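Since the structure comes first, as structure tokens, the remarks are kept for the end.
The structure displayed is predicted, hence computed values, not measured ones.
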Amino acid sequence: MTPRCVLFVLVAGLLVPSAAAASPTWQVAVRLSPSERALSPELALTPDGAAAVVWDHEEGADCPTVPGSLSCIHIVEAATRAAGSAVWEAPVEVARPGLGALPRAAVDPLGDVAITWIHDIGDDRVQQATIRPPGAPRWPNANDLSGTPVRIKNHAIALDGQGDAVVVWAQRDNANFYVVGDLRPAAGGVWLPPVALSTLTADASSGPVLSVVPDGNVLVGWIDAGALRVAHGNAASGAWDQALTPAGGGLGTDTDVDVALNAGGDAIAAFSWRRSASGPNVVQASFRPAGGNWGAVVDLGTSADRSHVQAEINGAGAAAVVWRDATSLKAAGRAPASGTWSSPVTVATNVAETGAQLTMNSAGNAVAVWPNGTTHAIRAAIRPAGGGWQPPVRIGGAGSSEPRVALDALSSAFAVWNRAAVQEVLVESARLAPTGPVLANVTVPARTHVGSAATFTVTPRGWANRLVGAPSWHFGDGRTASGLHVSHTYRATGTFTVSVSQSDSSGQKSTATRKVTVTAH
């Protein structure tokens, strides 16, 4: 899983919204990587739209068949885009760390860009990181964060609002994986000694995952020996609290965990495990109010196999969790007023085994992306705050994998992914332009009769801004009405185009059209 910050959630062309645009629409995907084999893209995005994407560029004839060959060079490359810019800067080389680098990125509103990766030094590994200040012409030399363990996995990086940095990872010195965290307060500009967050004798079967908020508070989660474990830290002070155990009793190695923290201090942990050796995975969640304790564990649903849980929380304490059940993508949400969780709904079917990802911004708008299970084309769905998931749409071509998604404060969404193209593997990106409210549940009868009252309904929801006024209906015969539920009686036969429009506080307007056929009887 990838780290997310409530302020700095994970990340092209820029579209200026018009006053009479449609509901949010994904733009045509563009290519980001110039290299022939660009793998494992990761992205980061600030609330104002500053972005960074990193990937592993493989260079050499042996790379497609023997990526571990000495003649296959692995290069960490990064592309950045300034807030408000319409173009990405050309990718630059950051490091040459060897096989299995799996770079991760983070950005902050100050303009700092941070990247971490695994450096291969033969039989051992080293966790490394570098931070490029705003305006710097090149990337600084990397810092070694870890010693030289046999193996490192599941690393993540984040920055807070002041440029304080945090990196977490799981490492194995001998038999077991344990969780390690490292902090770099911006005031000193130096990475502190890494701290073991879990016991050295337990075994972290899932995680660590990471969430950071603007004031530097850090939440780390992992599953350790059949128990959910969480640790709190502060990147500005450089301090870690002792790890807690909000839930336990799970079985199996196919566990998953994700955590999310909001700026007010509310937290959510979502996870899955088996209650019995032969039973399905159970997806569960626990909520912790700011300044309080972790609440009761709630069952959200089940999964036939590994769940790939993703969790998000907004500033009001509303949470969303998605997971994979067999070949379906399921979702459940938490209402902050009541604290209750909704029954799971199916967001999509025919979902590939891995790759689904969720993001949500402070307004409560959410976006999920995943590869189709047959063609592996990238698909996406949006969920307006307080509403339901909209029908999925295709945003990337066949043969794609590893999608990542980001959402900024204005509800512009960005997605990146890999796509296989002949002998190349490309990094591609698409943007969801927040060009108006979402019009859901538009109901227009296909047929009606002259003199009979027909019913028309719509459920509008704000996406980037709040709604203004009631929906406006035009029935195609010169008559109009306004409201969520209206009726109209046609006085002549024919086929009429019915339109319904909704405006928001920024002046953006979305319009949906349908056809209705009016007959004499």
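- Two residues are said to be in side-chain contact when any heavy atoms from C-beta on lie closer than 4.5 Å; H155 and L102 meet this criterion.
- The closest side-chain donor-acceptor pair between Q127 and W169, if any, does not fall under 3.5 angstrom.
- In this structure, R419 pairs ionically with E428, as a charged nitrogen and a carboxylate oxygen lie closer than 4.0 Å.
- A cation-pi arrangement is absent between R172 and Y178, since the terminal nitrogen or guanidinium carbon is not both under 6.0 Å from the aromatic centre and inside a 45° cone about the axis.
- Looking at N372, its side chain never comes within 3.5 Å of a backbone N or O of I378 through a donor-acceptor pair.
- No cation-pi contact links R379 to W370, judged by a cut-off of 6.0 Å to the six-membered ring centre and 45° from its axis.
- A donor-acceptor contact closer than 3.5 angstrom links the side chains of E89 and T80.
- T327 and N350 are not linked by any side-chain donor-acceptor pair at a separation below 3.5 angstrom, with hydrogens and angles left out of the test.
- For the residue pair S328/T349, the side-chain donor-acceptor check at 3.5 Å is not satisfied.
- Both the sub-6.0 Å distance and the 45° axial angle are not jointly satisfied by R334 relative to the ring of W341.
- For the residue pair E402 and W417, no side-chain donor N or O sits within less than 3.5 Å of a side-chain acceptor on the partner.
- Side-chain contact annotation: D256 with H308, donor-acceptor N/O pair under 3.5 Å absent.
- The closest donor-acceptor contact from the side chain of D203 to the backbone of S205 lies at 3.5 Å or more, if one exists at all.
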